Trainee: 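Quick one: this structure, given as structure tokens, is what I'll be asking you about.
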Amino acid sequence: MKRFKSISCFLMLSIIMFFMSCKQAPKAEKERCIIEFVGDSFNPGRVQELAKSFGADNTQLYRWKNHFVFYSQFSNKQAFTQEMAKQFPELSVKVYEKPFYDFSRAQHCGQAQLAPNWEHIILTANLVEDKELQNEYMEYHRTQFEQWPEVANGFCNADFQQLQVFRNGRQLMLVISIPANKTLDELNPKTVENNPRMNEWNEIMGQYQEGIEGTSPDEKWVFLTKSE
């Protein structure tokens, strides 16, 4: 009888521990990505409502001409883009998955403190059509933290909180996150202060980039502005 009680207690304790572990298990993180819509027939209010219904943590739209962009975490981005295709079949949709380059102030700037509130600046450009040059560009970014540490140092000096680069085909999306009370014009010059290798990096990268359709011949990166 005592043995039976001991087993029963053990089983009860195991069940309690199991449910506690389930309750304490962390929730899966939503994936941050960029979703771009291109087209002239666009209803920002309706699209923002749809994004919110599919778990977007940020429904702020960014715009350049007829390009509209979300930079958000979605509970189900695939379902969102499918619903968009149904409701707005005239729009083209591009999804930019995980960034191939990801600078984080928390990870790359020692004990630097993060700003409590961030402002996101989003730019876009194309890679040149040459596949070999595209591969060179990707390799530069894959090894940048080891081979070009001065680049990350420049971002640290400029108080960048985060810098991510996404790719879909030839098109690039660059996200620069800065403290909300600062401007990029104020901070960006600090990336090259006493940092000649940063200037060299910028010159090299310019050889692999060109403007997207609709830019002028001398344009490469264009800014997307917050859509009202």
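Being a predicted model, the structure only gives us computed values, none of them experimental.
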Trainee: Measure the shortest side-chain to side-chain distance between W64 and T215 over non-hydrogen atoms and say whether it is less than 4.5 angstrom.
Mentor: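 Side-chain contact under 4.5 Å: yes.
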Trainee: I'd like to know if M205 and L123 are part of one continuous hydrophobic network [Ile/Leu/Val/Met/Phe/Trp/Tyr, side-chain heavy atoms within less than 4.5 Å].
Mentor: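 Per the 4.5 Å side-chain linkage, L123 and M205 are co-clustered.
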Trainee: So, does K65 use its side chain to make a donor-acceptor pair with the main chain of G214 at under 3.5 Å?
Mentor: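 The answer is yes, because a donor-acceptor pair under 3.5 Å joins these two groups.
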Trainee: For the side chain of N195 and the backbone of T191, is there at least one donor-acceptor N/O pair under 3.5 Å apart?
Mentor: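 Confirmed, N195 side chain pairs with T191 backbone.
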Trainee: Just checking, R105 and F160: is the charged tip under 6.0 Å from the six-membered ring centre and within 45° of the axis?
Mentor: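 Geometry flag: not set, cation outside 6.0 Å or 45°.
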Trainee: Report yes or no: does N76 contribute a side-chain atom to a donor-acceptor pair with the main-chain N or O of F54 at less than 3.5 Å?
Mentor: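 No.
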Trainee: Enter the distance from K131:NZ to E136:CD here, rounded to the nearest 0.5 Å.
Mentor: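 Here the rounded value is 14.0 Å.
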Trainee: How close do L114 and A106 get, counting heavy atoms only, and between which atoms?
Mentor: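 What the structure gives for the nearest pair is CD2-N, 3.9 Å.
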Trainee: Would you mind checking if K77 and E97 are paired as a salt bridge, meaning a charged N to carboxylate O distance below 4.0 Å?
Mentor: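 Looking at E97 and K77, the cut-off is met.
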Trainee: Using 4.0 Å as the upper bound for N to carboxylate O, is an ion pair formed by R63 and E36?
Mentor: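 Not counted as a salt bridge, because no side-chain N and carboxylate O are separated by less than 4.0 Å.
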Trainee: Using a strict 4.0 Å threshold on nitrogen-to-oxygen distance, state whether R170 and E210 make a salt bridge.
Mentor: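 Counted as a salt bridge, because a side-chain N and a carboxylate O are separated by less than 4.0 Å.
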Trainee: Can you name the nearest heavy-atom pair linking G39 to L91, along with the distance?
Mentor: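 Result for this residue pair: CA-CD2, 3.6 Å.
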Trainee: Does any N or O in the side chain of Q60 come within less than 3.5 Å of the main-chain N or O of S227, such that one atom is a donor and the other an acceptor?
Mentor: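 Judged by distance alone, yes, a pair lies under 3.5 Å.
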Trainee: In Å, rounded to the nearest 0.5 Å, how long is the span from CD of E119 to CG of N117?
Mentor: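 These two atoms lie 10.0 Å from each other.
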Trainee: Kindly indicate, with the supporting measurements, whether the criterion side-chain contact (heavy atoms from CB on, under 4.5 Å) is fulfilled by I34 and V95.
Mentor: CA-CA 6 Å; I34 286 178; V95 178; over 6 Å; no
Trainee: Strictly distance-based, threshold 3.5 Å: is any side-chain N or O of Q134 a donor or acceptor partner for the main-chain N or O of E129?
Mentor: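 Pair found, side chain donor or acceptor close to backbone of E129.
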Trainee: Less than 6.0 Å separating the ring centroids of F103 and F155?
Mentor: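 Yes, they do, as the ring centres are separated by less than 6.0 Å.
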Trainee: Apply side-chain contact (heavy atoms from CB on, under 4.5 Å) to the pair T124 and L174, showing each step before the final yes or no.
Mentor: CA-CA 6 Å; T124 188; L174 169 63; over 6 Å; no
Trainee: Out of H120, Q161, Q164, which residue meets the side chain to side chain donor-acceptor pair (under 3.5 Å) rule with S177?
Mentor: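 Of H120, Q161, Q164, side chain to side chain donor-acceptor pair (under 3.5 Å) with S177 is met by H120 alone.
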Trainee: For Q171 and Y96, does a side-chain donor sit closer than 3.5 Å to a side-chain acceptor?
Mentor: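 There is such a pair (donor and acceptor under 3.5 Å, judged by atom type) between the side chains of Q171 and Y96.
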Trainee: Considering non-hydrogen atoms only, spot the tightest contact between Y208 and L133 and give its length.
Mentor: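 Minimum heavy-atom separation between Y208 and L133: CD2-O, 3.2 Å.
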Trainee: Should we count CG of N194 as having more than 12 external heavy atoms under 6.0 Å?
Mentor: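 No.
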Trainee: Do you know the tightest heavy-atom contact between I178 and T183?
Mentor: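 In terms of heavy atoms, the two residues are closest at CD1-C, 3.7 Å.
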Trainee: Set out, in order, the CA-CA distance, both residues' side-chain angles and the distance that settles side-chain contact (heavy atoms from CB on, under 4.5 Å) for V165 and L163, then state yes or no.
Mentor: CA-CA 7 Å; V165 191; L163 188 146; 4.1 Å; yes
Trainee: Is it the case that the side chain of E83 and the backbone of F80 share a donor-acceptor pair, with hydrogens and angles ignored and the cut-off at 3.5 Å?
Mentor: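 The answer is no, because no donor-acceptor pair under 3.5 Å joins these two groups.
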Trainee: Ignoring hydrogens and geometry beyond distance, is a side-chain donor-acceptor pair present between W221 and Q209 at under 3.5 Å?
Mentor: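 There is such a pair between these side chains.
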Trainee: How long is the gap from CG on L127 to CZ on R167, to the nearest 0.5 Å?
Mentor: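 Going from the CG atom of L127 to the CZ atom of R167 covers 5.0 Å.
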Trainee: Please say yes or no: joined through hydrophobic side-chain contacts below 4.5 Å, possibly via intermediate residues, are V93 and L50 part of one cluster?
Mentor: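 Per the 4.5 Å side-chain linkage, V93 and L50 are co-clustered.
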Trainee: Test of understanding: clusters of I, L, V, M, F, W, Y form through side-chain heavy atoms closer than 4.5 Å, transitively. Do Y140 and Y101 belong to the same one?
Mentor: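 Yes, one cluster joins them.
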Trainee: Side chains of D218 and S216: do they bring a donor and an acceptor to under 3.5 Å?
Mentor: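 A pair is found: one side chain offers a donor N or O, the other an acceptor, under 3.5 Å apart.
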Trainee: Please answer whether the main-chain N or O of L172 pairs with a side-chain N or O of N126 as donor and acceptor at a distance below 3.5 Å.
Mentor: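 Flag not set: sc N126 to bb L172 has no pair under 3.5 Å.
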Trainee: Using a cut-off of 6.0 Å, state whether more than 12 heavy atoms not belonging to Q113 lie near its atom CD.
Mentor: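 Atom CD in Q113 is not crowded, with 12 or fewer foreign heavy atoms closer than 6.0 Å.
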Trainee: For V175 and I121: C-alpha separation, side-chain torsions, deciding distance, then whether side-chain contact (heavy atoms from CB on, under 4.5 Å) applies.
Mentor: CA-CA 6 Å; V175 181; I121 295 97; over 6 Å; no
Trainee: Taking the side chain as every heavy atom from C-beta outward, state whether F100 and M138 have any pair of such atoms under 4.5 Å apart.
Mentor: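 A side-chain contact under 4.5 Å exists here.
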Trainee: Say whether W201 and V192 are linked into one hydrophobic cluster, either directly or through other cluster members, by side-chain heavy-atom distances under 4.5 angstrom.
Mentor: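 Same hydrophobic cluster.
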Trainee: Side-chain heavy atoms under 4.5 angstrom apart, residues restricted to Ile, Leu, Val, Met, Phe, Trp, Tyr: same cluster for V128 and V222?
Mentor: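 No, V128 and V222 fall in different hydrophobic clusters.
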Trainee: With rounding to the nearest 0.5 angstrom, report the SG to CG distance, C109 to N157.
Mentor: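 If I round to the nearest 0.5 Å, the distance is 8.0 Å.
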Trainee: Hey, are E193 and K190 close enough for a salt bridge, meaning a charged N less than 4.0 Å from a carboxylate O?
Mentor: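 Result for this pair is no, no salt bridge flagged.
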Trainee: At their closest point, which heavy atom of V151 faces which heavy atom of M198, and how far apart are they?
Mentor: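 The answer is CA-SD, 3.6 Å.
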Trainee: Check whether the ring centres of W148 and H141 lie less than 6.0 Å apart, and answer yes or no.
Mentor: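 Judged by ring-centre distance (under 6.0 Å), W148 and H141 do not meet the cut-off.
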Trainee: Under the 3.5 angstrom rule, does the side chain of K220 hit a backbone N or O of G206 as a donor-acceptor pair?
Mentor: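 Yes.
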Trainee: Tell me every residue that passes salt bridge (charged side-chain N to carboxylate O under 4.0 Å, His left out) with R46, counting only those two or more places apart in sequence or in another chain.
Mentor: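 For R46 the salt bridge (charged side-chain N to carboxylate O under 4.0 Å, His left out) partners, ignoring immediate neighbours, are E49.
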Trainee: Once you measure the plane-to-plane angle for F74 and F70, does it fall in the parallel (<30°), tilted (30-60°) or perpendicular (>60°) bin?
Mentor: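 Rings of F74 and F70: perpendicular, as their planes differ by over 60°.
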Trainee: Look up atom CG in L61 and atom NE2 in H67, then write down how far apart they are to the nearest 0.5 Å.
Mentor: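 It is 14.0 Å, given to the nearest 0.5 Å.
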Trainee: How many angstroms lie between CE in M173 and OH in Y71, if you round to the nearest 0.5 Å?
Mentor: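 Result: 12.5 Å between the selected atoms.
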Trainee: Using modelled atom types and a 3.5 Å cut-off, is there a donor and acceptor pairing between side-chain atoms of T143 and backbone atoms of E146?
Mentor: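 No, T143 side chain to E146 backbone: no donor-acceptor pair under 3.5 Å.
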Trainee: Okay, side chain of S72, backbone of N58: is any donor-acceptor separation there less than 3.5 Å?
Mentor: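 Such a contact is found between S72 side chain and N58 backbone.
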Trainee: Kindly state whether the ring of F145 and the ring of H108 have centres lying under 6.0 angstrom apart.
Mentor: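 Between F145 and H108, the centre distance is under 6.0 Å.
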Trainee: Applying the ring pair (Phe, Tyr, Trp, His ring centres under 6.0 Å) test to F68, which of F37, F42, Y62 qualifies?
Mentor: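 Option passing the ring pair (Phe, Tyr, Trp, His ring centres under 6.0 Å) with F68: F42.
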